[in-house]
Amino acid sequence: MIKVMSVFGTRPEAIKMCPLVKALERDSGIESIVCVTAQHREMLDSALGYFEVKPDYDLNIMKRGQTLSSITADVILGLEDVLAKAKPDIVLVHGDTTTSFAAALAAFYAKVTVGHVEAGLRTYDRYSPYPEEINRNLTSKLASLHFAPTELNRSNLAKEGITDGIFVTGNTALDAFQYTVKPGYVFADDKLRTLDFDNKQIVTLTAHRRENQNGGIENICRAVLALSEKYPNLHFVYPVHLSPAVRNTVFPILDGKPGITLTDPVDVADMHNLISKSHFIMTDSGGIQEEAPSFHKPVLVLRTETERPEAVAAGTVKVIGTDKERIVAEAELLLENRSEFMRMASASNPYGDGHASEKIVSAIKNALK
């Protein structure tokens, strides 16, 4: 049997890795091992619980005031012992988190093959997103197997001299929908259950990225406040990240305002079903850019660039930055110009068919047989 260890530590990683873990568990030729770092404790546990994935190893590294350096050091040191005990044939990491880079480095030190899920995404700006752009670049250098969502991701790797061990699989984000999106779904979050989806235009908003914490999130909040005052039929739903830097900006501006619902981060099923019922999406998240097109929801990206240009080319995503006036203008375009809204809403999702996990399992078995 092939011993496959999946390592992840944040909720976004868990949402995309748990469907893959499930596919690994179903294969009789694979022994699936799960190690979590708990870079984000509460939000990670919520996703694990929903997918009914129980870690075999839990590094539990999260601590108050943790830094990128402390996360990196704690993951490397914690995994050193885990790898010695578990002796996996391959370690799978996902995307661009500090957990992923550090886990890949620890596996390399232990001379264990590294497989990179969601490989080949690039902005070519080392500080945006920060630290994710460098994390994924370094992970690509450490990995032997690269599971690229799209052909563009494959070509990005080829430009860097990486041509072997690449498999174009689609994105596992779409695989999660088979577990989360259901007809007649009832929200777990009390605030979401009270939303009037029949009579209001619901806009889902997320904003938390480090590069937006120096004024960008405040601009976003000011734009949302202006839009909610101008359009009484509009209702914003903002699951607010637990980071104090985010919450200390968002709540003084938006809490208690008409047409705006602030919640704590919601579980994966609530989030996917909220997206599916929304009018459009405003976000600085990466994953939502992949998820929302499956539900034909236009996405306004609150960043100056995206490592997911396929969605921009398809027409379902528009990168608009964090200038208040630009945000207001782009939202008004979707609200008042039906043809523009339908142009974005009718675009197809370029990130696969919802079977990326099975393709990754097959690639691993062929590569390591």
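Atoms considered below: every heavy atom in the structure, side chains included; atoms not considered: hydrogens, waters and symmetry mates. Numbering starts at 1 and runs along the sequence shown.
In the hydrophobic cluster analysis, where Ile, Leu, Val, Met, Phe, Trp and Tyr join through side-chain heavy atoms closer than 4.5 angstrom, Y127 is grouped apart from I134. In this structure, L79 is not a member of the same hydrophobic cluster as L105, with clusters built from ILVMFWY side-chain heavy atoms closer than 4.5 Å. Side-chain heavy atoms closer than 4.5 Å link hydrophobic residues (I, L, V, M, F, W, Y) into clusters, and following such links, even through other members, never connects F147 to L157. L77 is not connected to V7 by any chain of hydrophobic side-chain contacts under 4.5 Å among Ile, Leu, Val, Met, Phe, Trp and Tyr, and they are in different clusters. The hydrophobic clustering, which links ILVMFWY residues whose side-chain heavy atoms are closer than 4.5 Å, places I281 and L195 together.
E42 CD: 12 or fewer foreign heavy atoms inside a 6.0 Å radius.
Put simply, the residue from T283, I288, V299 that forms a side-chain contact (heavy atoms from CB on, under 4.5 Å) with V317 is V299. With F8 as the fixed residue, the side-chain contact (heavy atoms from CB on, under 4.5 Å) test singles out one of L44, V117, I15: L44. The only member of L262, L192, T206 that meets side-chain contact (heavy atoms from CB on, under 4.5 Å) when paired with V237 is L192. Tested against L20, the residues V4, I364, V361, T169 include a single side-chain contact (heavy atoms from CB on, under 4.5 Å) partner, V361.
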Inset, instruction - Check the pair E132, R126 against salt bridge (charged side-chain N to carboxylate O under 4.0 Å, His left out), reporting the backbone distance first and the verdict last. - result: CA-CA 8 Å; E132 288 84 358; R126 63 170 47 210; over 6 Å; no

Q.
For a side-chain hydrogen bond (donor to acceptor under 3.5 Å, both in side chains) check, start with the C-alpha distance between T150 and N153, then their side-chain angles and the critical distance, and finish with the verdict.
A. CA-CA 5 Å; T150 69; N153 302 146; 3.0 Å; yes

Next on the checklist: What verdict does the salt bridge (charged side-chain N to carboxylate O under 4.0 Å, His left out) test give for E305 and R303, after you've listed the backbone C-alpha separation in whole Å, the side-chain angles of each residue and the deciding distance to 0.1 Å?
Outcome noted: CA-CA 6 Å; E305 83 298 301; R303 292 165 54 183; 3.1 Å; yes

Margin query: Between I327 and L300, is the side chain to side chain contact (heavy atoms under 4.5 Å, CB included) condition met? List the steps.
Written below: CA-CA 8 Å; I327 295 169; L300 300 179; over 6 Å; no

*asked:* Does L142 form a side chain to side chain contact (heavy atoms under 4.5 Å, CB included) with F101? I'd like the steps, not just the answer.
replied: CA-CA 9 Å; L142 296 163; F101 160 59; 4.1 Å; yes

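Within the structure, salt bridge (Lys or Arg N to Asp or Glu O under 4.0 Å) contacts touching residues 69-92 (residues at least two apart or in different chains) are K63-D74. Applying the salt bridge (Lys or Arg N to Asp or Glu O under 4.0 Å) definition to pairs two or more places apart or across chains, those involving residues 262-274 are R247-D264.
M43 belongs to a hydrophobic cluster with L242, counting contacts under 4.5 Å between side-chain heavy atoms of Ile, Leu, Val, Met, Phe, Trp and Tyr, direct or through other members.
Aromatic ring centres of F177 and H272 lie closer together than 6.0 Å. Aromatic pair Y179/F51: ring centres closer than 6.0 Å. Under the 6.0 Å cut-off for aromatic ring centres, F236 and Y231 do not qualify, their centroids lying 6.0 Å or more apart.
Taking 4.0 Å as the cut-off between side-chain N and carboxylate O, D45 and R41 count as a salt-bridged pair. Between R136 and E133 there is a salt bridge, since a side-chain N of the basic residue sits under 4.0 Å from a carboxylate O of the acidic one.
A donor-acceptor contact shorter than 3.5 Å links the side chain of H296 to the backbone of A345. Judged purely by atom type and a 3.5 angstrom limit, K200 uses its side chain to pair as donor or acceptor with the backbone of P232.
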